[in-house]
Amino acid sequence: MAKVLAVNAGSSSLKFQLFDMPQEDVICSGVVEKIGLDEGIFTIKYGDQKKVLNTEIKDHQVAVDLLLEALVNEGIVDSLEDIDAIGHRMVHGGEAYSESVVVSEEVVETVSQFNELAPLHNPANLIGLRAFQKALPNVQHVFVFDTAFHQSMKEENYLYPLPYEYYTDYKVRKYGFHGTSHQYVSQEAIKMLGNPDHSKVIVCHLGNGASISAVKDGKCMDTSMGFTPLAGIMMGTRSGEVDPSIMPYLMKKLDCSADEVLDIYNKKSGMLGVSGISSDARDIEEAYNQGNERAILTSKMYARSISKYISQYYGELGGCDAIAFTAGLGENSAYLRKMIIDDIKEAFDIVLDDTLNETRQSGNRVISKDNSHIKIMIIPTNEEVMIARDTVRLLNL
Ligand code: AMP
């Protein structure tokens, strides 16, 4: 039995879950928010307890120390020696990592080279690592990359039709993101299909950020996000794909810089931009139900941007056994799931069970009828358990 901490450090937050492995029992979970601001928030849940502490959390080291202190003070572990290993979410592994890896100084150096490709995430993930290394110098660490699962894509799928030397010189290519989630959900979908020798699964990870992937025999063939997480489908505030020529046109019209237009693509577009209401699918649904025209348009555009990818991936995979919905919106938004499936049901002979689609339930489930050509599934994602599994596997715990 091993106690493994799964950590996801962001620029101003740190999420964690402590697992008893290999049973995958969650001992405690929580988040430190607003790191670096005057009023930080530390929340920890264990058993039926939930504790919240509002205090200044000046940096990640303070956040880590708070967490470790709480583990001992609340009696969650007898001593910090009980923690056998720590697995860290690392967003970008570039082309260097197609698998999780045990952390060494050489690995940290390699990963640091990708900071430029994920400036908001990788440096924060590394700060998280350093803070834990300082607090627990004898514990081993593992990096689990968002990009790793997508490294099985072939050149024809990951290259952009730009001059080839931009790939060789500057590593401009499609990397894909949310890989840990796509891997977890596709593995669960394959289990639900009865572990066949061959499988074709399309995963729709629909959260604030959103991406689709095509998975053949458990390996990623293609995915919708690209060089950055801005590419692909329409999202909460991100545009997804738009004609690249809109950028210089808007720069002239708005008299602003490329970075400012990029900021619009990242933060003011997607559901928020089209609806003018909100980036949150719950607000869009409420307005949709009241007959708000822009909310109706937003929903149609959102569904269409996803159904286009599903159709493309059906072709690329040479068919499809299961479409799996996951993440905040994918798991919870029945009307958007229905709109997406309505778009493609005729082409692919899909029969959604409307009652199952609308029934709120937890856990993995099938929401299509038995006569559906493709099984439609809801599979709650669990990136943390993937981090803990890889940590145990790589360290032979
Ligand atoms: P995530 O990034 O996976 O946490 O997903 C966050 C997004 O999921 C939110 O911005 C909402 O748009 C969506 N979401 C969460 N809960 C619901 C719900 N009950 N119904 C519809 N959408 C939801």
Side-chain angles (χ1 to χ4, degrees), residues 6 8-17 29-31 33 43 45 89 91 120-121 124 146 176-186 188 203-213 223-225 228-230 232-240 266-290 292 294-303 305-306 324-341 354 356-365 367 377-387:
N8 180 358
S11 55
S12 64
S13 69
L14 192 144
K15 291 187 203 145
F16 59 90
Q17 271 191 32
S29 65
V31 59
E33 295 166 277
T43 311
K45 290 186 211 163
R89 177 194 184 201
V91 165
L120 296 179
H121 293 99
D146 273 29
F177 297 89
H178 296 138
T180 312
S181 174
H182 285 288
Q183 187 172 18
Y184 173 81
V185 172
S186 57
E188 292 294 305
V203 178
C204 302
H205 176 111
L206 310 179
N208 246 329
S211 61
I212 318 286
S213 67
T223 192
S224 61
M225 280 181 169
T228 72
L230 175 60
I233 62 170
M234 170 175 167
M235 306 176 216
T237 61
R238 288 175 238 170
S239 60
N266 267 307
K267 298 188 185 146
K268 296 181 182 157
S269 302
M271 287 187 159
L272 173 67
V274 177
S275 69
I277 298 168
S278 165
S279 63
D280 194 301
R282 284 163 287 202
D283 300 330
I284 305 293
E285 181 171 3
E286 200 182 323
Y288 175 96
N289 288 334
Q290 289 161 358
N292 181 298
R294 293 263 291 279
I296 295 169
L297 174 65
T298 303
S299 307
K300 283 184 181 162
M301 283 174 65
Y302 188 79
S305 82
I306 292 159
F325 287 98
T326 194
L329 196 156
E331 289 165 33
N332 294 299
S333 182
Y335 94 106
L336 282 172
R337 281 194 303 260
K338 182 168 169 51
M339 282 180 92
I340 294 164
I341 297 302
D354 287 328
L356 290 179
N357 182 42
E358 277 156 32
T359 307
R360 285 205 164 270
Q361 227 182 296
S362 59
N364 297 352
R365 55 212 188 268
I367 55 166
M377 300 172 174
I378 298 176
I379 300 178
T381 193
N382 195 340
E383 288 156 291
E384 293 75 17
V385 88
M386 285 299 279
I387 294 174

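Order of appearance sets the numbers: ligands from 1, and atoms from 1 within every ligand.
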Checklist entry - Who's closest to atom 23 (C) of ligand 1 heavy-atom-wise, of G330, G328, G236? => result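 Among G330, G328, G236, the closest heavy atom to atom 23 (C) of ligand 1 comes from G328.
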Item to check | Nearest-option assignment for atom 13 (C) of ligand 1, heavy atoms, candidates L329, N332, T237 | outcome: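 Comparing heavy atoms across L329, N332, T237, the nearest one to atom 13 (C) of ligand 1 lies in L329.
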Checklist entry - Taking all atoms of both residues into account, what is the closest heavy-atom pair of E331 and I378, and its distance? => result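 Heavy-atom minimum between the residues: CA-CG2, 4.0 Å.
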Checklist entry - Do the ring planes of H205 and H178 sit parallel (below 30°), tilted (30 to 60°) or perpendicular (above 60°)? => result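 If you compare the ring of H205 with that of H178, the planes turn out parallel.
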Checklist entry - In Å and rounded to the nearest 0.5 Å, what is the OH to CE distance from Y288 to M339? => result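 Reported value, rounded in 0.5 Å steps: 4.5 Å.
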Compute the shortest N/O to N/O distance between [X] and ligand 1 and return yes if it is under 3.5 Å, no if not.
| X | result |
| --- | --- |
| E285 | no |
| L206 | no |
| G207 | no |

Item to check | Residue, atom name and distance, where the atom is the protein heavy atom closest to atom 21 (C) of ligand 1 | outcome: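 Ranking protein heavy atoms by distance from atom 21 (C) of ligand 1, first comes R282 CG, 3.6 Å.
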Next on the checklist: Tell me the protein heavy atom at minimum distance from atom 2 (O) of ligand 1, and give that distance in Å.
Outcome noted: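 Here the nearest protein heavy atom works out to N208 N, 2.9 Å.
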Item to check | D280: numbered ligand 1 atoms lying under 4.0 Å from its heavy atoms | outcome: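 Every atom of ligand 1 under 4.0 Å from some heavy atom of D280: 9 (C), 10 (O), 11 (C), 12 (O).
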Item to check | Close-contact set for ligand 1 against A281 heavy atoms, below 4.0 Å | outcome: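 In order of number, 11 (C), 12 (O), 22 (N).
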Checklist entry - Would you say atom 4 (O) of ligand 1 has a protein heavy atom nearer than 4.0 Å? => result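 Neighbour list for atom 4 (O) of ligand 1 is empty of protein heavy atoms (cut-off 4.0 Å).
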Treating [X] as the side-chain partner and [Y] as the backbone partner, does any N or O pair qualify as donor plus acceptor under 3.5 Å?
| X | Y | result |
| --- | --- | --- |
| R89 | D146 | no |
| S278 | D283 | no |
| S275 | T298 | no |

Item to check | Residues T326, S181; criterion side-chain contact (heavy atoms from CB on, under 4.5 Å); working and verdict | outcome: CA-CA 8 Å; T326 194; S181 174; 4.0 Å; yes
Checklist entry - Strictly under 4.0 Å, does any heavy atom of R360 approach an atom of ligand 1? => result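 Yes, that is the case, since the closest heavy atom of the residue is under 4.0 Å from the ligand.
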Next on the checklist: Counting C-beta onward and ignoring hydrogens, is there a side-chain heavy-atom pair between N208 and M235 closer than 4.5 Å?
Outcome noted: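 No - every pair of side-chain heavy atoms lies 4.5 Å or more apart.
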